[in-house]
**Q** 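Structure incoming, see below.
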Amino acid sequence: MSHLYAVVVGAIVLTLLVVSLTRLGKVKTKADYLVAGRTLPAFVLVFTLLSSWIGSGSLLGAAENAYNHGFVAIWQAAGGWAGLLLIYFIAPRARRSAQFTIPDLLEARYNQTARVLGVIAVLFAYTAITSYQFIGGGDILSLIFPNVITPVLGEYIIAAFVIVFTAIAGMSSVAYMDVFIGLLATITMLIALPVLMHSVGGWSGFHASLPPSHFTALGDDTFMQALELFVPTCLLMLGNQAMYQKFFSAKSEKDARVAVVGWIIGTVILETVIVVLAMLGHVLAMRKHESPFPREILAFTSLHSLPGLLGALLMGAIFAKIVSTANNFLFSPATNLVNDIFVRYISPEASNKRILIVSRLMVVLLGVWALYQALHTGSVLKKTLYAYTIYSAALTPVILAAFYSKRANAAGAVSAIFAGTFITVFWDSSFIHNHLPAVLAQRDAIFPALIVAVLCLVVVSAFTQTPRKDQVAIFFGEQA
């Protein structure tokens, strides 16, 4: 059986490598590498958006939550769905601005300080997200080859795969790999669901096998705990740089908007299926008196509870999804260091050839940093929420204000980015907790960080100079 799984995973790796090498010849300029020459059609955008969003945060973090608590895990996914509904109206505006990165957008709308602080926030959040993709990939390789590959060795192997794939052709490579990955994952998960449901005796057998709380809206959680899953995911979705880079890469505003419709449908279906698959896996593991790690439940179920080929394909799809998400979230901060630091401040006249070399070097360096974080991470769910909170509190409010508030200005944005990042990074420190009431210290960082960031944005903007007309014109479709 392990030979079949090895063949499937090997075939997927080979396919991804072929796609990357095929796109390599089309990458000749900075725009080709960073935003695929702004040529991506709606069909490609749908699958690259879907693949970049659904990674280890869903396949490990949400699955771990579903295994332990049931349908309450939907709250994490639903935050993304709510964000997607709002994104439908943001996507054309993002494409119209024609930037390369979120810090590009922050400087155009605010100032250079906002750009630099935006880079810092993205680096913290996105390398953290990349790190737990490495954990997920390492877990899968260890399950397939238990006597050969340990989870830690698997993390090293996955990191090497991701760094090579991402460095080869940039956004063009990432986007076209995602088409293959998105199709594979969607088809295999939809086939696996009824097969596993039948294995547990249908809905009645499923429902009878788990505690009643697993099928309620809140499970064992409070409403506040559910919101602490919902809000960071929603705000990450709204401000997600990897997503905006896809919109910047679209052929047109129409392609960007059409892609969001397909993305909404695909995300709602797949994230719901992931939660149900994790719960079904829990039932089957209990019946066999097995105790897998909760975060590994989808891969474990593929290996032990599905027919050979289907199990291998689902395992391969999970593996590919993790690689895809790692590609996207590693590539994104690398573009920040190149476009927002190197080209902007160090070598403005750099040739396209030099920019491409530096871009690939940044992918390697950030990949090594993400691997270091992976080797020192415990809970994937906790790491997920940490990464989401940094981005949600520091960047999402100022990104949304760029598109929807003519009054938000540079001083307000800078204070908001700094406050959101600072509170999130230091929230769990003993110094902070020793000076807070227990009722606050026990809460996750999302609401304190978000509230302070929004207050800074609104209050500081209100008491400082109104932004220039040229700073807001392009974001509102006006003449400067």
Side-chain angles (χ1 to χ4, degrees), residues 79 82-83 86-87 89-91 93-126 129 231-245 247-248 332-333 335-336 339-341 344 387-425 427 445-476:
L86 297 174
I87 285 167
F89 301 99
I90 298 173
R93 294 189 180 209
R95 177 60 183 85
R96 185 189 308 138
S97 70
Q99 305 297 326
F100 288 98
T101 65
I102 285 297
D104 261 345
L105 182 152
L106 294 177
E107 180 173 7
R109 179 62 178 81
Y110 301 115
N111 64 10
Q112 289 186 35
T113 305
R115 172 195 280 268
V116 174
L117 290 177
V119 171
I120 294 170
V122 170
L123 289 177
F124 270 113
Y126 280 24
I129 292 173
V231 173
T233 314
C234 179
L235 295 179
L236 175 70
M237 177 67 85
L238 286 173
N240 185 354
Q241 175 175 259
M243 170 195 71
Y244 281 97
Q245 282 182 278
F247 295 150
F248 299 154
S332 198
T335 64
N336 289 136
N339 188 69
D340 303 307
I341 302 298
R344 183 68 178 82
Y388 286 12
T389 299
I390 288 180
Y391 205 92
S392 300
L395 290 181
T396 298
V398 299
I399 292 169
L400 294 180
F403 292 112
Y404 291 104
S405 171
K406 295 182 179 181
R407 186 63 185 84
N409 66 11
V414 167
S415 64
I417 296 171
F418 177 81
T421 303
F422 180 85
I423 291 175
T424 303
V425 171
W427 181 254
I446 178 58
F447 288 114
L450 179 63
I451 290 169
V452 172
V454 171
L455 283 174
C456 286
L457 178 63
V458 173
V459 174
V460 175
S461 292
F463 287 95
T464 50
Q465 188 175 2
T466 303
R468 302 188 312 272
K469 186 176 181 180
D470 64 289
Q471 289 179 301
V472 301
I474 189 172
F475 296 93
F476 290 87

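Quick caveat, the model's predicted, so the values are computed rather than measured.
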**Q** Which heavy atom of Ala453 sits nearest a heavy atom of Ala393, and at what distance?
**A**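 Taking every non-hydrogen atom into account, CB-O, 3.2 Å.
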
**Q** Within the 4.5 Å heavy-atom criterion, are Leu106 and Leu395 side-chain neighbours or not?
**A**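 Of all side-chain heavy-atom pairs linking Leu395 with Leu106, at least one is under 4.5 Å.
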
**Q** In chain order, what residues pass the side chain to side chain donor-acceptor pair (under 3.5 Å) check against Thr464, with sequence neighbours excluded?
**A** Asn409

**Q** To the nearest 0.5 Å, what is the distance between CD1 on Ile417 and CG on Leu457?
**A** 9.0 Å

**Q** CD1 of Ile399 to OH of Tyr404: how many Å apart, nearest 0.5 Å?
**A**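 These two atoms lie 12.5 Å from each other.
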
**Q** Within the structure provided, determine whether Leu450 and Leu235 are in side-chain contact (heavy-atom separation under 4.5 Å).
**A**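 When only atoms from C-beta onward are counted, Leu235 and Leu450 do touch, with a gap below 4.5 Å.
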
**Q** Is it the case that over 12 heavy atoms from other parts of the model lie below 6.0 angstrom from the CZ atom of Phe418?
**A** no

**Q** Between the side chain of Arg109 and the main-chain N/O of Ala408, is any donor-acceptor distance below 3.5 Å?
**A**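 Flag set: sc Arg109 to bb Ala408 pair under 3.5 Å.
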
**Q** Which heavy-atom pair separates Lys406 from Pro467 by the least distance, and what is that distance?
**A** O-CG, 3.2 Å

**Q** Closest heavy-atom contact between Gly83 and Cys234?
**A** N-SG, 3.8 Å

**Q** Look at the side chain of Tyr110 and the backbone N and O of Gly412, then say whether any donor-acceptor pair between them is shorter than 3.5 Å.
**A**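 Not at all, since once roles are kept as given, no pair shorter than 3.5 Å links the two residues.
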
**Q** Please confirm whether the backbone N or O of Pro232 pairs with a side-chain atom of Ser392, one donor and one acceptor, at under 3.5 Å?
**A**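 Between the backbone of Pro232 and the side chain of Ser392 there is a qualifying donor-acceptor contact (under 3.5 Å).
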
**Q** Quick one: closest heavy-atom pair of Val414 and Ala114, and the distance?
**A** CG2-N, 3.7 Å

